[in-house]
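This structure is a prediction, so every number in the text was calculated from the model and none was measured. Below, chains carry the letters A, B, ... as their sequence lines are ordered, and counting in each starts from 1.
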Protein chains: 2
Amino acid sequence: MTSTTPRRRNAAATREAILTSAIAAFTEHGYDGVGVRDIAADAGVTAMLVNRYFGSKEGLFTEVVDVSFARPTMVPGTADGLATETARTLVARTSADADHLGPFELMLKSAANPKAAEIMRSAIRRHVGARFTAALDGPDADERAELGIALIAGTWLMRRIIGTPALRDADPDLLATQVARMLAVVVEPPA
Amino acid sequence: MTSTTPRRRNAAATREAILTSAIAAFTEHGYDGVGVRDIAADAGVTAMLVNRYFGSKEGLFTEVVDVSFARPTMVPGTADGLATETARTLVARTSADADHLGPFELMLKSAANPKAAEIMRSAIRRHVGARFTAALDGPDADERAELGIALIAGTWLMRRIIGTPALRDADPDLLATQVARMLAVVVEPPA
DNA sequence: CGTCGTAATCTACAGGTGTAGACAAAACCT
DNA sequence: AGGTTTTGTCTACACCTGTAGATTACGACG
């Protein structure tokens, strides 16, 4: 419940409030880590309204994934400095005091559930993968794009979710440089 | 229940059976995806024996992580061809028909739970990270080792858990080459 | 063969899960 | 104002979760 006005009776606004709460909750705790009651309470409504508007918890998650993955994240549109820019943004977003928590956190936190994984698979291809692929030249763009995403996801996992010390306390500039050099391998079109 | 002998009353063997079942179950479904009853039933005992021998579900998971991460996986001891060898093994282990399912699957499937994540953090540093770091020369070995682990974990996630098509159907040799080139960035000592 | 320690089970609890169905109330439309 | 549709809540179900306490049965040893 973030809106200030009590919002008496408004289907669209209520739906939006539930969706907003769900994005935050699923991203922070993962599909299995949240109950529909938690989401509903945070949106200021009853649990049953969730099923009323989204059919089921699974239906709600489907919409959450679609919205979260549709927002441009991390990958700039142009190929100029793609590796460097992406690496810098990644390091910033995964720093200890960052608060953005985008689709990568959502993906990693919900990957354990097979149903959630299947829902995310298509969304990744349609949104994140498509954006990344479009920025690449040369052959095997899909495969190279997904390898880039894999590096980003893995770094996010180690640095922010598992929290391994060496990556957590690494110098941001040095880390960004290393990640950029790894990304460059798949970003630069093969000679 | 994999052992052939009925095993009537044997504390050590029972403990081992529970641990074996737990490793398989936690690796396949993640910390939140399994109940102690599932593990106990698979070991041929009652749920209460789990708490009797391991204190709690969390205690059992701690021991599972320790055992699973202690086994050498993927990273060869020598630095010769480390990147190439590791990449080849990774691609083989994440192929559709692979059945090994080591610590990386366990880590990714259980990362959503904060308690599990904390348990895995120290184990990774003590086991996997230490092995990888020891194989590296030059400065910032810890950081570079964890970046290598991040790439492996991310590739595992995309290829085997999420199952994105481009990485799933990629030509194994080509994929291994790409991964090896990315790994080489952190494996080769900086000039 | 009886006794004793312990491996293993049985019963149970307090809480949480997603969701179905019946009900209350607010808002809109004549 | 009266009636109807929509918006929201309440109660409830069937099931699963981890774990505590009391109880049974097996096996070895004297």
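Between A:Trp156 and A:Phe104, the ring planes are parallel. Angles under 30° get that label, and only those over 60° would be called perpendicular.
The side chain of A:Thr14 contributes an N or O atom lying less than 4.0 Å from OP1 or OP2 of D:dG8.
Salt-bridge annotation for B:Lys109 and B:Glu28: absent, with no side-chain N of the basic residue lying under 4.0 Å from a carboxylate O of the acidic one.
Remark: B:Lys57 is positioned above the aromatic ring of B:Tyr31, its terminal NZ or CZ atom under 6.0 angstrom from the ring centre and at most 45 degrees off the axis.
Distance, A:Arg52 CZ to D:dT7 P: 9 Å, rounded to whole Å. Put simply, CD on A:Glu58 is 12 Å from P on C:dG18, counting in whole angstrom units. One interatomic measurement links the two molecules: CG of A:Asn10 to P of D:dT7, which rounds to 9 Å at whole-angstrom precision. Between B:Met48 atom CE and D:dA20 atom C1' the separation is 7 Å, expressed in whole Å. To the nearest angstrom, C1' of D:dG18 lies 15 Å from CG of B:Leu49. We find that CZ of B:Phe54 is positioned 13 Å from P of D:dT19, with the value rounded to whole Å. In this structure, B:Asn51 places its CG atom 7 Å from C1' of D:dG18, rounding to the nearest Å. The nearest whole Å value for the distance from the NZ atom in B:Lys57 to the P atom in D:dA20 is 15 Å.
When the nucleotides C:dT9, D:dT7, C:dA8 are ranked by their closest atom to the side chain of B:Tyr53, C:dA8 comes out on top. Candidate nucleotides D:dT19, C:dT9, D:dT9 were compared by shortest atom distance to the side chain of B:Ala47, and D:dT19 ranks first. Residue A:Ser56 places its side chain closer to C:dT19 than to any other of D:dT19, C:dA7, C:dT19.
Helical stems involving DNA chain C, defined as 3 or more consecutive Watson-Crick or G-U pairs under 3.5 Å, span C:1-13 with D:18-30, C:15-23 with D:8-16, C:25-30 with D:1-6.
Side-chain N or O atoms of A:Arg160 include one that pairs as donor or acceptor with a backbone N or O of A:Ser95 at under 3.5 Å. A donor-acceptor pair is defined here as one N or O able to donate and one able to accept, closer than 3.5 Å; no such pair exists between the side chain of A:Arg126 and the backbone of A:Arg121.
Note: the hydrophobic cluster containing B:Met48 does not contain B:Phe54 (ILVMFWY, side chain heavy atoms under 4.5 Å, direct or indirect links). The cluster map of Ile, Leu, Val, Met, Phe, Trp and Tyr, joined by side-chain heavy atoms under 4.5 Å apart, puts A:Leu101 and A:Leu157 in different clusters.
In A:Glu63, the CD atom is crowded: over 12 heavy atoms of neighbouring residues, nucleotides or ligands sit closer than 6.0 Å.
At a non-hydrogen distance threshold of 4.0 Å, B:Arg37 from residues 25-39 of chain B come into contact with DNA chain C.
Under the side chain to side chain donor-acceptor pair (under 3.5 Å) criterion, B:Arg71 pairs with no residue at all, not counting sequence neighbours.
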